[in-house]
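To start, the structure itself, in structure tokens.
Lettering of chains follows the sequences in order, A, B, ..., and the numbering in each one begins at 1. FYI, side chains are in, hydrogens and waters are out, and symmetry mates aren't considered; it's all heavy atoms of this structure. Source: prediction; values computed, not measured.
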Amino acid sequence: MKNKELARIFDEWADILEFKGDNPYHIRAYRNAARIINDLSEDIEVLAKEGKLSSLPGIGKRLQAKILEFLKTGKIEEFEKLKTEVPDTIFTLLDIPGVGPKTVKLLYEQLGIRSLEDLKRAIEQGKLYQLPGFRQKKVEKIRKGIELLEKSHGRILLGVAVFIVDRIIEQLKSQAFVEHISVAGSTRRMKETVGDIDILATGKNLEIIEAFVSLPNVKELLWKGTKKATIIVEEGEQVDLRVTEPDCYGAALQYFTGSRAHNIHLRTICVKNGLKLNEYGLFKGEQRIAGKTEEEIYAALGMDTPPPEIREDTGEIEAAFEHKLPDLVELSEIKGDLHIHSNWSDGASKIEDLIDEALKRGYEYIAITDHSKSLKIASGLSEEDLMRRNYEIDKWNEKLNGKLVLLKGTEVDILPDGRLDYDDEVLKTLDFVVASVHSRFNEDNTNRILKAIENPYVNVIGHPTGRVIGAREAYPLDLEKIFKAAAETGTAMEINCYYNRLDLKDSNCRLAKRFGVRFSLGTDSHHRDHMWMIKLGVGTARRGWVEKREVINTLTLSKLKDFVMAKRKKFGVV
DNA sequence: GCCGTTTTCGGCCCGACTGTTTTCAGTCG
């Protein structure tokens, strides 16, 4: 798939044009194209072959020609030429917070600065003061920006952000001076990584801000004003709190939730209707016609309210106008966790503790899916140990008497040749089978997975692409082939909820949906304290427009068993 | 460069903050 590569080219193209001081609308067109292509769930090469490029919003004749040129030749002549006109290190300098294209251009032209090292040296030597408009504060800001860039480990994983935000909101929401409080930004949209953590509140400004900066987990106070404060929490992440007036709380929440692309599209619609939308409300002339809640604003525009997770301008605005928004799966509809490890393999919690946690969560069932024998590193279970573990599960189920049901499961290894790590004779004794790839991460694993899908006892393919966010790329896969086979055989695709996996990811969920695939949510917990991550998986599913009926965890226990048996029947093994 | 039940040309989202400006430019979200 060449989507990412193309998106990067158009983004760099926009950087270069900005550096050159080109028409801003021209630049926006490239940025927009980069975003559209990056968010695409389909392979752009396939779209091109089918002649569907023109169906992409924001991709006109000229960009289409460039895309086709790239797909055909592997490069775009005009871009190659453009790149020779600017120093290639400008991209690094643009990453410094507070430094934009105008500054980079000035630094390059006046002082010949081409790299971070050049810039650091120039600051030390006081050379920046030679530049027009550069005095102490501006130079200091750049110096701090470099420091920030060098120590920032990039974006924050969603799971980390959610963990921090949940704790802060829990600590503040019960206070009398807090009227409303909510997470905003990409954390509210449940994006797999987030830039910074935003919280929005309304109530008594000064008291809220004071309470926020005095929370027990605050490591450092960066800024405190009457409407805004910024702290660093003990995890080392920055958290912003804004306090707003109650009358514009909805407008502020809408505004700060984004996405940027969603908001731009929405405001374009407002302008066409003679309205103006900003963080204070929806205005007709001087008069505010909505702003207290998000619903009020969207309703005033004649729309349903798109759930935050899908506000990415990928069709949700059109769907909201047509009253055809998807009925997204909700956390409260999840009846159980379908991927959990106990201390029989490499989990840290005893089955007893997992039961306790599951009961707290109000689950109807959980699947205990310990590793299989070949995964020695994870204490995979021999057939004998598996039987002994199953015996323990039976005992617990008797004791629980239906209050909660433990499914006898496994996360069976898909071996390099596609065979499974247990024989069918063993698998048939289990209630629920997740099959996963745990080796050869650099090879194309399509055939391995297809073979596992063809096994009548495999109910779910675990973490299907093998990616680990920020650490390991997905292995090469023909996802369309896999999704097709999964849908045909009645095999679910996992949305692994563990915070550094989220696999399938949002765009792949949306692709899988088109093939009629069903999804299984599993936290891959190795400790009872991991089971909260189910909400990360629900968020990912929602971002992929996944509906309740498409998620097997929303089934009652008996329907879930039907799901398992349906595949066995289809293959004639029962 | 894109786009059009007002337009194939002339528009293209909106505001805050910062530093330096004494009316604004650059950057950011």
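Note on A:Leu94: nothing from the nucleic acid sits closer than 4.0 angstrom, heavy atoms only. Residue A:Lys227 is out of contact with every strand shown, counting any heavy-atom pair closer than 4.0 Å. At a threshold of 4.0 angstrom between heavy atoms, the contacts of A:Tyr30 are confined to the sugar-phosphate backbone, with no base atom among them. A:Asn23 comes within contact range of at least one nucleobase, with a heavy-atom separation under 4.0 Å. Within 4.0 Å (heavy atoms only), A:Leu63 reaches sugar-phosphate atoms of the nucleic acid but no base atom. Contact annotation for A:Pro24: no contact, since no heavy-atom pair falls under 4.0 Å across all strands. Counting any heavy atom pair closer than 4.0 Å across all strands shown, A:Ile27 reaches no nucleic acid atom.
In the model, A:Gln254 has a side-chain atom that pairs as donor or acceptor with a side-chain atom of A:Asn263 under 3.5 Å. Side-chain N/O atoms of A:Lys4 and A:Asn38 include a donor and acceptor closer than 3.5 Å.
Heavy-atom neighbours of A:Arg135 CZ from other residues, nucleotides or ligands within 6.0 Å: at or below the threshold of 12.
Comparing B:dC14 with B:dC9, their P atoms sit 25 Å apart, to the nearest whole Å. Comparing the C1' positions of B:dG1 and B:dT8 gives an interatomic distance of 14 Å, to the nearest angstrom. Rounded to a whole angstrom, the distance from the C1' atom of B:dG11 to that of B:dT6 is 13 Å.
Classified by its glycosidic torsion, B:dT21 falls in the anti category, the angle being over 90° from 0.
Between A:Thr103 and B:dT27 there is a side-chain polar atom (N or O) within less than 4.0 angstrom of OP1 or OP2. For the pair A:Tyr129 and B:dT20, the criterion of a side-chain N or O lying under 4.0 Å from OP1 or OP2 is not met. Between A:Tyr25 and the phosphate of B:dG1, there is no side-chain N or O to OP1/OP2 separation shorter than 4.0 Å. Of the side-chain N and O atoms in A:Arg62, one or more sit less than 4.0 angstrom from OP1 or OP2 of B:dG1.
Under the 4.0 Å criterion applied to side-chain N and carboxylate O atoms, A:Lys144 and A:Glu140 are not assigned as salt-bridge partners. Of the charged side-chain nitrogens involved, none lies within less than 4.0 Å of a carboxylate oxygen, so that A:Glu330 and A:Lys548 do not count as a salt-bridged pair. In summary, A:Arg8 and A:Glu5 do not engage in a salt bridge, as defined by a charged side-chain N under 4.0 Å from a carboxylate O.
Nearest heavy atom pair, residue A:Ala229 against residue A:Ile209, reads CB-CG2, 3.9 Å. Nearest approach of A:Tyr280 to A:Cys248, heavy atoms of both residues: O-CB, 3.2 Å.
Base-pair partner of B:dC24: B:dG19 (Watson-Crick or G-U wobble, both distances under 3.5 Å).
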What pairs of nitrogen or oxygen atoms, one from the protein and one from nucleotides 3-6 of chain B, lie under 3.5 Å apart?
from	atom 1	to	atom 2	distance (Å)
B:dC3	OP1	A:Gly58	N	2.7

Name the pairs: protein N/O against N/O of nucleotides 21-24 of chain B, kept only if under 3.5 Å.
from	atom 1	to	atom 2	distance (Å)
B:dT21	OP2	A:Arg135	NH1	3.2

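Summarising the geometry, atom CD1 belonging to A:Ile197 is positioned 7.0 Å from atom CD1 belonging to A:Ile168; distances are rounded to the nearest 0.5 Å.
Comparing A:Asp198 and A:Ala29, the nucleotide of DNA chain B nearest to each residue sits closer to the 5' end for A:Ala29.
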Hey, can you pull the donor-acceptor pairs under 3.5 Å for the side chains in residues 101-109 of chain A, sequence neighbours left out?
none

